Amino acid sequence: MTADAPPVFRFAPSPNGALHLGHAYSALVNFQMAQETKGRFLLRIEDIDRVRCRPELEKDMLEDLEWLGLEWETPPRRQSDHFNNYSEALDTLICEDLVYASFMSRKEIRDSVTAKKQSGIKWQNDPDGSPLYPGSEREWNAQQQEAERNNSPLHNLRLNMNAAIKHVSKNLSFVETGSGPEQETGVCAAYPEKWGDFVIARSDTPTSYHLSVVIDDALQGITHVVRGRDLFYATYVHRLLQELLGLPEPEYHHHDLILANDGRKLSKSAGDTSLRALRRAGMTPQDIKRLIGFST
Ligand code: GLU
């Protein structure tokens, strides 16, 4: 960001279900921060999952956001229109020899980790609670990789975490103006190794959430990433990818999550907190804002 350029914020929902109060909160925090700083507010439709994201859900989502009173620059960026951008970035990482094909199914991963634990080996989970990848394909030579790729045309591509960290060869950090789950704030160290060899793309999709989010934040010139606290630890790998791909580093702000009455995270299938259901029950945008702590 140059000295006189306005800050740029974005709200980046996925049209794979109905927007709920948590989305409304995140969108409104971004919108309000943009207004307070005379910044720009952009919308990004994160629809790389071509099975779960559907045009009718996107239409409903845009309508819900408009109903709430949000205004964004048009057109919004739709990720499915830009697979070429992600492909190019993936190729860069492949050329640096930082990506390998992996072939274990979820069940094979689970079984392998269970067996390790039974034999007394401590096995770490990633910050989302999934076990780190236990496969050994990263050590295979090119011929072995090629042979198995022909055998299993559908497979995952993973970032070789140790190689990537070595490639970057410096400690990574980021500026957090909100806070993480353990009250992390200010200049925070990033520990991408906590995610192990995460999936960076699939054989049938040249990207993943982590890869596309850093590419799009850079291409859209996002200076402030404002999102829910559940994505705080994802920032560890976002910083790594930004460094590997020579992308600028935005400032981060992770905000509170709106929880359901039972204290659990809201989900897109929890019908009763969807904006649609609340609207159908007679709530106005002002009611929604009041409900999630925005005075109007
Ligand atoms: N698309 C993500 C979600 O709906 C948000 C991504 C982000 O803000 O970085 O949870």
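Source: prediction; values computed, not measured. Atoms within each ligand, like the ligands themselves, are counted from 1 in listed order.
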Could you check whether Lys116 makes a cation-pi contact with Trp123, meaning its NZ or CZ is under 6.0 Å from the centre of the six-membered ring and within 45° of the ring axis?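 So Lys116 does make the cation-pi contact.
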
Sub-3.5 Å N/O-N/O distance, Leu231 and ligand 1: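 The answer is no, given that Leu231 and ligand 1 share no N or O pair closer than 3.5 Å.
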
Does ligand 1 come near enough to Arg227 that some N or O of the ligand is less than 3.5 Å from an N or O of the residue?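 Yes; at least one N/O pair falls below 3.5 Å.
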
With Glu56 via salt bridge (charged side-chain N to carboxylate O under 4.0 Å, His left out) - residues at least two apart: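 Checked Glu56 against salt bridge (charged side-chain N to carboxylate O under 4.0 Å, His left out); matches are Arg54.
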
Which atoms from ligand 1 have a heavy atom of [X] less than 4.0 Å away?
| X | answer |
| --- | --- |
| Val213 | 9 (O) |
| Glu46 | 1 (N), 2 (C), 5 (C), 6 (C) |
| Arg10 | 7 (C), 8 (O), 9 (O) |
| Ser14 | 1 (N), 4 (O) |
| Tyr209 | 6 (C), 7 (C), 9 (O) |

Answer whether the closest heavy-atom distance between the side chains of Glu96 and Leu244 falls below 4.5 Å.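 Glu96 does not reach Leu244 side chain to side chain.
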
Reference residue His238; test ring pair (Phe, Tyr, Trp, His ring centres under 6.0 Å); the match among Tyr252, Phe174, Tyr209: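 It is Tyr209, the one option of Tyr252, Phe174, Tyr209 that forms the ring pair (Phe, Tyr, Trp, His ring centres under 6.0 Å) with His238.
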
Are His238 and ligand 1 in contact, using a heavy-atom cut-off of under 4.0 Å?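 Per 4.0 Å heavy-atom rule, His238 does not contact ligand 1.
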
Is Arg276 salt-bridged to Glu63, going by a charged N under 4.0 Å from an acidic O?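 So Arg276 pairs with Glu63 through a salt bridge.
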
Do NZ/NE/NH1/NH2 and the carboxylate oxygens of Glu108 and Arg110 come within less than 4.0 Å?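 Judged by the 4.0 Å cut-off on N to carboxylate O distance, Glu108 and Arg110 do not form a salt bridge.
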
Among all residues two or more places apart in sequence or in another chain, which pass the ring pair (Phe, Tyr, Trp, His ring centres under 6.0 Å) test with Phe11?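 Ring pair (Phe, Tyr, Trp, His ring centres under 6.0 Å) list for Phe11, sorted by chain: empty.
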
Can you tell me which portion of Val225 lies within the under-4.0 Å heavy-atom range of ligand 1? Options are side chain, backbone, both, or neither.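 None of Val225 does.
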
